[in-house]
Amino acid sequence: MIRTIIALLALAGLAAAPAEAQIYPARPITVIVPFAAGGPTDIIARIVGEHMSKTLGQQLVVENVTGAGGTTGITRGAAAKNDGYTIMMGHMGTHGAAPALYPALKYDPTKDFESIGMAAGTPILIVARKNFPPKDLKEFVTYAKAQNDKLNQAHAGIGSVSHTTCTMLNVQLGIKPTQVAYSGTGPALNDMIGGQVDFMCDQIVNLTEQVKAGTIKAYAVAMAERSPALPDVPTTKEAGLPDFQVTAWNALFAPKDTPKDIVAKLADALDKALDDPTTKKRLLDLGGVVPDKQGRTPAALTALVKAEVARWTPILKVAGAVAP
Ligand code: ASP
């Protein structure tokens, strides 16, 4: 009798667990990257995705869905079926600045997602085409003020990290360069290497190799400490613009109400990827900041998104990017 009850309870337990989660993942997982291939969000998604695929036993396949500073791809991801087969790589723009800049935004970063975890912190660098006249940050400041709207500044769309962080810089310098929008800073970087755009503020992982190769020049990293990936590039503090300090981040999200055990599997795979020495080294070599164990939990990401949305709205209002 007791055995029968135990057997029945066991069966009931199995039946209660969603069938999908038991076998998840049974097929490849799409990771929406809301910017062009080859840019920082794409690079980070591909690096962590490669190791996560090994842990999960299924490929993570990147799909670049670009437009509107990353909000097109994230809108698509938020509306996707919440079965764990579509997730997305968001960032400080899509999940921090966007609500302040897009009054009709179709998602709420604080409500419409399940957090998987932070993939990497990405310090911001001020970079320019290699034949841009100023040779250091002090000269850049003087030159930018003198040339002002004659300069071109690239960004990855309204609300993107390159847009919001350079908006902060432009306000500090009192300049209004002509802004050139791209579908991501990957293609923006190509145009900068080709000499078509003057400068931009971008996430370090997109830039390290080009700065090292000398195809673009870096004026400063917007942090208190130099990046170990580019030890010759001074900080904004050292180079004379101490108030310009900003670090971005990229993180994985699933659509709201994706089953908890599926989110837990994805979070565990991300955690393992960030613990893997090869994956970690690839991120660090590009200047990425690998979050510690606590910083990569879903709970930490949920708290960060709330704080970022609250932080960016007043900054962008002061910058005049948002109607008062
Ligand atoms: N760095 C871009 C941005 O400005 C994103 C990207 O191209 O990955 O938000």
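Everything quoted here is computed from the prediction, not taken from an experiment. As the structure lists them, so they are numbered: ligands from 1, and atoms in each ligand from 1.
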**Asked** So, do Phe199 and Tyr219 have ring centers that fall under 6.0 Å from each other?
**Response** no
**Request:** Check salt bridge (Lys or Arg N to Asp or Glu O under 4.0 Å) between Asp285 and all other residues, then give those that pass, not counting sequence neighbours.
**Result:** Lys281
**Prompt:** Charged N to carboxylate O under 4.0 angstrom, Glu209 versus Lys212?
**Reply:** no
Hey, what polar pairs (N/O, under 3.5 Å) does ligand 1 make with protein?
residue: ligand 1; atom: 1 (N); partner: Thr185; partner atom: OG1; Å: 2.8
residue: ligand 1; atom: 1 (N); partner: Asp202; partner atom: OD1; Å: 3.0
residue: ligand 1; atom: 1 (N); partner: Gln203; partner atom: OE1; Å: 2.9
residue: ligand 1; atom: 4 (O); partner: Val161; partner atom: N; Å: 3.4
residue: ligand 1; atom: 4 (O); partner: Ser162; partner atom: N; Å: 2.8
residue: ligand 1; atom: 4 (O); partner: Ser162; partner atom: OG; Å: 2.4
residue: ligand 1; atom: 7 (O); partner: Thr185; partner atom: N; Å: 2.8
residue: ligand 1; atom: 7 (O); partner: Thr185; partner atom: OG1; Å: 3.3
residue: ligand 1; atom: 8 (O); partner: Thr41; partner atom: N; Å: 3.0
residue: ligand 1; atom: 8 (O); partner: Thr41; partner atom: OG1; Å: 2.7
residue: ligand 1; atom: 9 (O); partner: His91; partner atom: NE2; Å: 2.6
residue: ligand 1; atom: 9 (O); partner: Val161; partner atom: N; Å: 2.9

**Message:** Other residues, nucleotides and ligands only: do more than 12 of their heavy atoms fall within 6.0 Å of CZ on Arg129?
**Reply:** yes
**Asked** Under 6.0 Å between ring centres, would you say that holds for Tyr85 and Tyr24?
**Response** yes
**Message:** Testing His91, His163, His155 one by one against Phe35 for a ring pair (Phe, Tyr, Trp, His ring centres under 6.0 Å), which residue passes?
**Reply:** His91
